[in-house]
Structure formats: structure tokens, C-alpha cells
Amino acid sequence: MAIQRPKGTQDLLPGTIETWQYLEETMRNVCREYGYEEIRTPIFEATELFLRGVGQTTDIVKKEMYTFLDKGDRSMTLRPEMTASVCRAYVEDKLYGQPQPVKLYYIGPMFRYERPQSGRFRQFHQFGVEVLGGDQAVVDAEVISLVWNLYQRLGLTGLEVHVNSVGCPVCRTKHRALLQEFLSARRDDLCKDCLDRFERNPLRILDCKNPTCQAVTSGAPTTRDTLCEDCSTHFERVLALLEVAGVLFRVNPRLVRGLDYYTKTAFEVMVEEIGAQSSICGGGRYDGLVEEIGGPPTPGFGFAMGLERVLLALQVQHKLPEQKPGMFAMLVALGEKAQTQGFALLNDLRTQGLPVSMDLLGRSLKAQLKSADRQGARYALILGEEEMEKKVLLIKDLTLGEQIEVPLMNVVEELNKMYQRGVKV
RNA sequence: GUGGGUGUGGCGAAGUGGUUAACGCACCGGUUUGUGGUACCGGCAUUCGUGGGUUCGAGACCCAUCAUCCACCCCA
């Protein structure tokens, strides 16, 4: 059996990689317009970072991490997400000494040991943004509007932006107690999963898909009801700013984020039509995280977006641009002398930035033309015995079928002109 | 970790126990000598995922195993 790639990973080949480049470029452009700068951190980190950062009770930590011992017996983990790493860098590289807030973005691979399914991989890719050192509601609103505007630019439709506030640790524990009290009366009606969640994370019961659970929780106290003064005004301010920014959102009091570190604002963007894993972006505020991993008390806000899922959505909505790179010209050289001369010519053309290539298999004239056509070249540059003698080159337009004879001396200049003209059109 | 579907040449896809395993697309070559995109011919020389078993005989039936897809849990 030949060696295969690991389960849940993928080879991105020419033909699809262009769509990735397009998506990444669009994201970088939006970030630049919003004043966010890129950060790159290691793909693996000390396991401890994620234990503290992501939270011991989360599934990510409990069963999804790629953890290994290095040769010095240190426990290392392939990053399952980026927020913890960015916070670590903020502390370690003393970014708190720079003008605040620090506005960062990243694009890169993440790793989680899960069963693959539609829109889910073991090595997947996320684009994300983190703002550190800003506790104002504008921060939340700016980041969410960045997400919204990115999707607008990509042309995605049918998005649902859900926004909620899970409160600070104080109102959160208050809500948790109220909720457990409310649910305990009808505990017997809950599904098996929810019984688990009752102790571990009762908030999650609120968005259980099971109909009976939904019935049970229909009148449950919402997070919004129990928000303290500070959290409440913060939340109202975020909503007001989102209105101003033209973000179409919905307050969803049942929205819960899975990771332990979230406080106050939480949001999520979903699209139908890409399968069961319909969440394409999730994020929120995490005011305790930096301190948790040993830094100064620092408020934070951010999100992560799954590239595979966004790409899936773009694909089903037919929003991917048609890209056909195509060579400008293919050299058709016949015989070794012509190949030598042509090789030099290509060098001149490439130096000037023209995309040109040649047959590398020593094929016949016919085969070379065929191949030039198949590769979508606009022109074929034919150089054989006759042309060598006359010191000319045949430039054949493959779409029109016409060809002209150009003195070798003028060829570079001539092609350059043709290329410039073509680029403008 | 749990459940279900699928697994035939690069891709798509016939074939449901019996001679030399269709077909389409793609790719490569050729159709008298230096002109492609159409047409015609040929090639891609075989482990029908893999390993067992049933049978006179299996790509088709049974078992196991691997891979893949989808769903649950959870998340991007």
C-alpha cells in the first residue's frame, strides 16, 4: 500500500490553491484597511499554554489535542487555535509596551484530533483577529464589522450573525446558578448529553438540538436577564454601534461559546448550505485570558474563521472568481540550435516580467502547438531552421490563428508591447 | 469515541456468479515530410481498496481490515 496523507488532512493542488490565494488576499486587504497587522507564532507550543488558555474542561483540551513529548521530555502540542498563542506572544514579547490596543491578525493551520466530516478536518486553517488592551465596546463592534465587511466583499449571502453577551465572571456565575435551579425541576426530561452538560456547562443546554430539551429550556433565564450594570451597558453599546456600521445581526440569548475564556460579548456567523458544521466564524471578548496565562490584566477581543468552511460557502454560492492564469506565450523551438537561441530569448522576456514558457520534452512541432493551446497560451513563438536562417521569429496568435514574422532583433520589444496592450485590456 | 453510506484504469461511471472487465472525459502519440484547437486511429500492458473464505468458477456472495464520505459529540 502506498503511503497516504494522514486522515483529515488535504493536499491543495494547482487549480484549487488559487481560490485559497484569492481568499487570503482579500482577508489581508480588509485587515490592512482596518489597521490590523499580521502575527505569526509557532505551530506548536508548550502544552501548558493550551491547558491554561483554552480551558481544561473543553473538548479541545480533553480529547482533541495533538500532544507529544519532544526529545527533552517536554510536552508539546500542535496548536488547536491561535488566541492562546497570540496572548502568549503579547506577554512574552512585551507588546503591552507598545501603543494600545494592539491589533493583530493571523492566517494559518490549526490541528484538532477529530473525526473528519464536511467542513471539518484534523489540519484546518483559520483566519483570525485579536485586539489586546482595549475594553471599550467599540473594539467589539469594530472587529465584528470587519468580519461583516469581509463577507460582503466576498459576496456571501444568507449569513446569520448572532450576537450575545455571556457576562463577566460575576454575572455568569449568577446566571449559571439560576439556570441550574430552573432546570433541576425538569432534569428528567433532558437528553443524555444535556445531563452531562448540566454540571459541566449548563449554558450549552440552551442550544441543544434535541426538541424536548428545547421545550424544557423555553422559559429559562437568559444571560441577558442577569447581566450586571456594567456588562449590560457594554452590550447595549455594542449593539448600537453594530447598527451604525450596517451589520445585519440578531441578538441570540442562547448563543454560547465553547471555550472557557469568553466574557461579555460573544458572536457567531453561520451559513446554511454547507452541511451540519454551519458556523464559519466565532469569537468574542476574553478579558481574563492574558492574566490567566501570566501576563498583566489585559482585556481582549477576537474571532477565528474557518477557511475551509468559508471556501465551501463561496463554492456552493458560486462566488469564487474565475481564474485562468495562462501563459502569455509558449516558445516552440525545433532542434537543439533553436532551443538554445529560444532559451536565451525566454530569459530576456522573463527578466522583463512576461510569463512565457517552452516545451521541455523535445516534442514535435505539432505536439508543441497542441500543448501550447492546451495550456491556454495566447501566442506561440515558433523558431526553427528556416527562422534561424532568416533571423526571424514567427509569432502565432493561437486564438485568431494568424501569425506574423518578426525580426529576432525586435522580438523582445515587440512582445513587450503586445503584452502591455494585453494587460490593459 | 459512537452510528450510517461508499471503495472498478488520472477523473466520472457500467457491470448483481461463468469466455479476452463496457463507455465517456482527461492525458500521451499518430493520421506521408514544419502549424494547434474539429475528425479518425492507437496507447495508457490488470492488484476490480487490501487479506482471508464460500464455489467447478467471484469485481460481483460471506468475514475481517484499511481508506473515504456523511451524521452525533464538539467546534472554525
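Below, chain A is the first sequence line, B the second, and so on; all start at residue 1.
Checked by distance alone, A/Arg115 brings no side-chain donor or acceptor within 3.5 Å of a matching partner on the base of B/rC72.
Look at the P atom in both B/rG59 and B/rU50: the space between them is 11 Å, to the nearest Å. Remark: the separation of the C1' atoms in B/rU54 and B/rC61 is 8 Å, to the nearest Å. Nucleotides B/rU55 and B/rC62 have their C1' atoms positioned 12 Å apart, rounded to a whole Å. Comparing the same atom, P, in B/rG4 and in B/rU38 gives a spacing of 48 Å after rounding to whole Å. For the C1' atoms, the distance from B/rA21 to B/rU46 is 9 Å, rounded to whole Å. Atom name C1', nucleotides B/rA58 and B/rC40: the rounded distance is 38 Å, in whole Å. Between the P atoms of B/rA13 and B/rG49, the separation comes to 15 Å (whole Å). Taking atom C1' in both B/rA22 and B/rC28, one finds a spacing of 22 Å when rounded to whole Å.
The aromatic ring centres of A/Tyr286 and A/Phe301 sit 6.0 Å or more apart. In this structure, A/Tyr379 has its ring center no closer than 6.0 Å to that of A/Tyr419.
For A/Ser118, a side-chain nitrogen or oxygen approaches OP1 or OP2 of B/rC70 to under 4.0 Å. Regarding contacts with the backbone of B/rA71, a side-chain N or O of A/Gln117 is found under 4.0 angstrom from either OP1 or OP2.
Where A/Tyr113 and A/Cys281 meet RNA chain B, the nucleotide closest to each residue was compared, and A/Tyr113 sits on the side nearer the 5' end. Nearer to the 5' terminus of RNA chain B, by closest-nucleotide assignment, is the contact made by A/Lys396 (compared with the other of A/Arg309 and A/Lys396).
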*Start with the C-alpha distance between A/Glu142 and A/Lys103, add both sets of side-chain angles, then the distance that settles salt bridge (Lys or Arg N to Asp or Glu O under 4.0 Å), and finish with yes or no.*
CA-CA 11 Å; A/Glu142 172 172 287; A/Lys103 296 165 47 169; 3.0 Å; yes
*asked:* One pair to check against salt bridge (Lys or Arg N to Asp or Glu O under 4.0 Å): A/Glu405 and A/Lys390. What are the steps and the verdict?
replied: CA-CA 10 Å; A/Glu405 205 176 88; A/Lys390 292 167 68 180; 3.1 Å; yes
*Determine, step by step, whether A/Phe121 and A/Phe111 satisfy the ring pair (Phe, Tyr, Trp, His ring centres under 6.0 Å) criterion, reporting the C-alpha distance in whole Å, the side-chain angles of both residues, the deciding distance to 0.1 Å, and the verdict.*
CA-CA 8 Å; A/Phe121 300 87; A/Phe111 306 84; over 10 Å; no
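Stacking of A/Arg122 on the aromatic ring of A/Tyr113 is recorded, both the 6.0 Å distance cut-off and the 45° axial limit being met.
When the P atom of B/rG1 is taken as reference, atom CD1 of A/Ile60 falls 18 Å away, rounded to whole Å. Between A/Glu405 atom CD and B/rU35 atom P there is a gap of 16 Å when expressed in whole angstrom units. Look at CD on A/Glu81: it is 18 Å from P on B/rC74, rounded to the nearest Å. Taking atom CD on A/Glu402 and atom C1' on B/rG37, their separation rounds to 15 Å, with Å as the unit. As a whole-Å value, the separation of A/Gln10 CD from B/rU68 P is 12 Å. Residue A/Leu23 contributes atom CG, which lies 13 Å from atom C1' of B/rA76 at whole-angstrom precision. Put simply, CZ on A/Phe111 is 16 Å from P on B/rA76, counting in whole angstrom units. When rounded to the nearest whole Å, the span between CD of A/Glu64 and P of B/rU2 equals 16 Å.
A salt bridge does not link A/Glu402 with A/Lys396: every distance from a Lys NZ or Arg NE/NH1/NH2 to an Asp or Glu carboxylate oxygen is 4.0 Å or more.
Heavy atoms of other residues, nucleotides or ligands lying less than 6.0 angstrom from CD of A/Glu385 number 12 at most. Heavy-atom contacts from other residues, nucleotides or ligands closer than 6.0 Å to CZ of A/Arg40 number 12 or fewer. Environment of CZ in A/Phe68: crowded, with over 12 heavy atoms of neighbouring residues, nucleotides or ligands closer than 6.0 Å. The neighbour count for A/Glu33 CD, taken as heavy atoms of other residues, nucleotides or ligands under 6.0 Å away, is above 12.
Residue contacts shown for A/Gln368 are absent, as no nucleic acid heavy atom lies under 4.0 Å away. Among the heavy atoms of the strands lying under 4.0 Å from A/Lys7 are primed sugar atoms or P, OP1, OP2 only; no base atom is included. Among the heavy atoms of the strands lying under 4.0 Å from A/Leu398 is at least one base atom, whether or not backbone atoms are also near. Note on A/Asp59: only backbone sugar-phosphate atoms sit closer than 4.0 angstrom, heavy atoms only; bases stay farther off. The residue A/Phe121 sits close to a base: some heavy atom pair falls under 4.0 Å. Residue contacts shown for A/Glu114 include a base, since a base heavy atom lies under 4.0 Å away.
Among all heavy-atom pairs drawn from A/Ser184 and A/Glu181, the shortest one is OG-O, 2.8 Å.
Consecutive Watson-Crick or G-U pairs involving RNA chain B, each under 3.5 Å on both distances, make up stems of three or more pairs at B:1-7 with B:66-72, B:10-12 with B:23-25, B:27-31 with B:39-43, B:49-53 with B:61-65.
A donor atom on one side chain and an acceptor atom on the other are not found under 3.5 Å apart for A/Arg79 and A/Tyr66.
For the atom pair CE (A/Met305) and CD1 (A/Ile280), the distance works out to 6.5 Å, reported to the nearest 0.5 Å.
Of all the residues in residues 268-278 of chain A, A/Gly275, A/Ala276, A/Gln277 reach under 4.0 Å from RNA chain B with at least one non-hydrogen atom.
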_Reading 5' to 3' through nucleotides 25-34 of chain B, protein heavy-atom contacts under 4.0 Å coded B for base, S for sugar-phosphate only, - for none_ = --SSS----B
